[in-house]
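First the proteins, then the strands, lettered A, B, ... as listed; each starts at 1.
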Amino acid sequence: GEDVEQSLFLSVREGDSSVINCTYTDSSSTYLYWYKQEPGAGLQLLTYIFSNMDMKQDQRLTVLLNKKDKHLSLRIADTQTGDSAIYFCAGLSGSARQLTFGSGTQLTVLP
Amino acid sequence: NAGVTQTPKFQVLKTGQSMTLQCAQDMNHNSMYWYRQDPGMGLRLIYYSASEGTTDKGEVPNGYNVSRLNKREFSLRLESAAPSQTSVYFCASSVGPGGFGGELFFGEGSRLTVL
């Protein structure tokens, strides 16, 4: 089945850009998602990308997909303290019926 | 809008005790899920219910049972709790099954400690 991997921690300065990376194993993955978890809360969908796209932009968020390398990234421009959270990458492979989540990346934004 | 509501939010159990985590959604979603979240391991699917009347095992079902009571409610039961079940449990729902069913909506989580 699908395996999704992320680095566990990332620290950036307020105002800088953050780039959170994710790799997945199933080349038949059709949808790839980014979810955000704020402290003490459940996950909320941030954005998603379909496998036939290379890039998707939504305000401060840019998602890049490299299908050849099975690499997904989330770039947050002008990172703010309110962006401090855990970010989860998730994939849906063609053979699976459920999402597979990565371990999550804890983003800390320093003032 | 309440969305997905889980109870209790916190629970401490002794090894061998049983308990049920309750989940209800008010979005008329067909599919519901139970995940556990452990440090460094992300979310792992325990059980899911693609539609009312059906339940299926996820990645880590051992030690758990579920009941899809009706379209709104999906409960998770630990029959004999073990310390390895110490975790944060999340209920989620979606319009349809799996990622094709659209966005997953999550509850706020239930933090369970088994001593």
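The environment of A:Gln44 atom CD is sparse: at most 12 non-hydrogen atoms of other residues, nucleotides or ligands sit within 6.0 angstrom. For B:Arg44, the CZ atom sits in a packed shell: over 12 heavy atoms of surrounding residues, nucleotides or ligands are nearer than 6.0 Å. Remark: A:Glu5 CD is loosely packed, at most 12 non-hydrogen atoms of other residues, nucleotides or ligands lying under 6.0 Å away.
Atoms CG and OG, from A:Leu99 and B:Ser94 in turn, are 8.5 Å apart once rounded to the nearest 0.5 Å. Between A:Leu43 atom CG and B:Leu104 atom CG the span is 9.0 Å, to the nearest 0.5 Å. Atom CZ in B:Phe106 sits 6.0 Å away from atom OH in A:Tyr35 (nearest 0.5 Å). Between the CG atom in B:Leu43 and the CD1 atom in A:Ile86 there is a gap of 9.5 Å [rounded to 0.5 Å].
Neither B:Val60 nor A:Phe101 shares a network with the other; the hydrophobic side chains, linked directly or stepwise wherever heavy atoms of I, L, V, M, F, W or Y lie under 4.5 Å apart, form separate groups for each. Residues B:Met19 and B:Trp34 fall within the same hydrophobic cluster, defined by Ile, Leu, Val, Met, Phe, Trp and Tyr side chains chained together at heavy-atom separations under 4.5 Å. Grouping the Ile, Leu, Val, Met, Phe, Trp and Tyr side chains by contacts below 4.5 angstrom, directly or via other members, places A:Leu32 with A:Val4. Put simply, A:Leu107 and A:Leu72 are part of the same group of oily side chains (I, L, V, M, F, W, Y) that touch within less than 4.5 Å, one to the next.
Taking every heavy atom of both residues into account, A:Ser103 and B:Gly40 meet most closely at CB-O, 3.4 Å. Smallest separation of non-hydrogen atoms from B:Phe90 and A:Gln37: CZ-NE2, 3.2 Å.
Of the atoms belonging to B:Phe105, not a single heavy atom falls under 4.5 Å from chain A. In this structure, the portion of A:Leu8 lying under 4.5 Å from any heavy atom of chain B is its side chain and not its backbone.
For the pair B:Gln37 and A:Phe88, the minimum side-chain heavy-atom distance is below 4.5 Å.
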